[in-house]
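Worksheet for the structure shown next.
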Amino acid sequence: MRAWAEGDPPSDYAVVWKPSQRFLDSQPALRAMFNAGAGVDALACLRLPKNVPVIRLEDAGMAEQMCEYVLHAVLHHYREFDIYAAQEAKRLWAPRPPRRKADYPVGILGYGVLGQAVAKSPISVGFQVVAWARTPRADAPIRVYSGDDSRVEFLQAVRILVCLLPLTPSTRHVLNATAFEALRRGGYLINVARGAHLDRDALLAALDSGQLAGATLDVFDQEPIPAADPIWKDTRIRVTPHISAATLRHEAVEQIVGKLRALERGEAVTGVVATDRGY
Ligand code: OXD
């Protein structure tokens, strides 16, 4: 195994993260390519070697981190910790009336490996959770709305919306004015997928009108966010630097090695990207 350098002989397998076209063009003998993350959207604009399976990471330690991040964001909003932090800064002792979890149903947009794991954590502390997926999930333990026709119905059932969709041409700007309008009033957005899922102007308009009460964003169109971006100062939006679920070296290597061995034995592996679908 080696770190690729220009002029190296072709490899049988590659582990990539946002590879260059130059690298791909220099690999005529690949048997499979492993993506060192869950999202494969960075590959979409590249010319990939033909008939070479692209295999993405599945969980590999990301689900647990995602659960922690989302549960923290849900509770932070629900328990109004931003308001208490502002009160503390003013030495203000002012308990607020308790909220009811029944008024804060959580919706998971995207019910893949990570979505299914993340759905469990708000349930464990008493929230109602529903999900939306492209295809029906008959055996899911929660209600899963499926297909484009049911997306508005799903959003109408939700106050806290968590985006975990893969980024494809059909999910770009899926977090838009129509989606925010459909949520229960005073909704809350948590985006841990990709910045391009979000129509930022629509988010700001929904925050201004009160349709949304706030947002926690971990992903952005441009990362890092430029220092001059007004989002840093918008107290309605909590910003983190794409840390909701990092690729963990040990877990990722273990998964890739396991799949590589399976491929060498001629066995099928999971996590193979359907390039027509984009994830
Ligand atoms: C991923 C990511 O796709 O880290 O794994 O965003």
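Each ligand, and each atom within it, is numbered from 1 in the order the structure gives. This structure is a prediction, so every number in the text was calculated from the model and none was measured.
Within the 4.5 Å cutoff, the side chain of Gln156 has no heavy atoms near those of the Arg184 side chain.
Partners of Glu264 by salt bridge (Lys or Arg N to Asp or Glu O under 4.0 Å), not counting sequence neighbours, listed by chain and number: Arg31. Listed by chain and number, the residues in a salt bridge (Lys or Arg N to Asp or Glu O under 4.0 Å) with Arg22 are Glu6 (sequence neighbours excluded).
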Quick check on ligand 1: any N or O pairs to the protein under 3.5 Å? One line per pair.
from     : atom 1 : to     : atom 2 : distance (Å)
ligand 1 : 3 (O)  : Ala38  : N      : 3.3
ligand 1 : 3 (O)  : Gly39  : N      : 2.7
ligand 1 : 3 (O)  : Arg194 : NH2    : 2.8
ligand 1 : 5 (O)  : Ala38  : N      : 2.7
ligand 1 : 6 (O)  : Arg194 : NH1    : 2.8
ligand 1 : 6 (O)  : Arg194 : NH2    : 3.3
ligand 1 : 6 (O)  : His242 : NE2    : 2.8

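Its side chain within the 4.5 Å cluster rule, Leu46 clusters with Trp4, Val16, Phe23, Leu24, Leu30, Met33, Val40, Leu43, Leu48, Val52, Val54, Val273 among the Ile, Leu, Val, Met, Phe, Trp and Tyr residues.
In summary, of the residues considered (Glu58, Glu267, Glu254), a side chain to side chain donor-acceptor pair (under 3.5 Å) with Lys259 occurs for Glu58 alone.
Residues Lys18 and Glu223 are not paired through a salt bridge, judged by the lack of any N-O separation under 4.0 Å between the basic side chain and the carboxylate.
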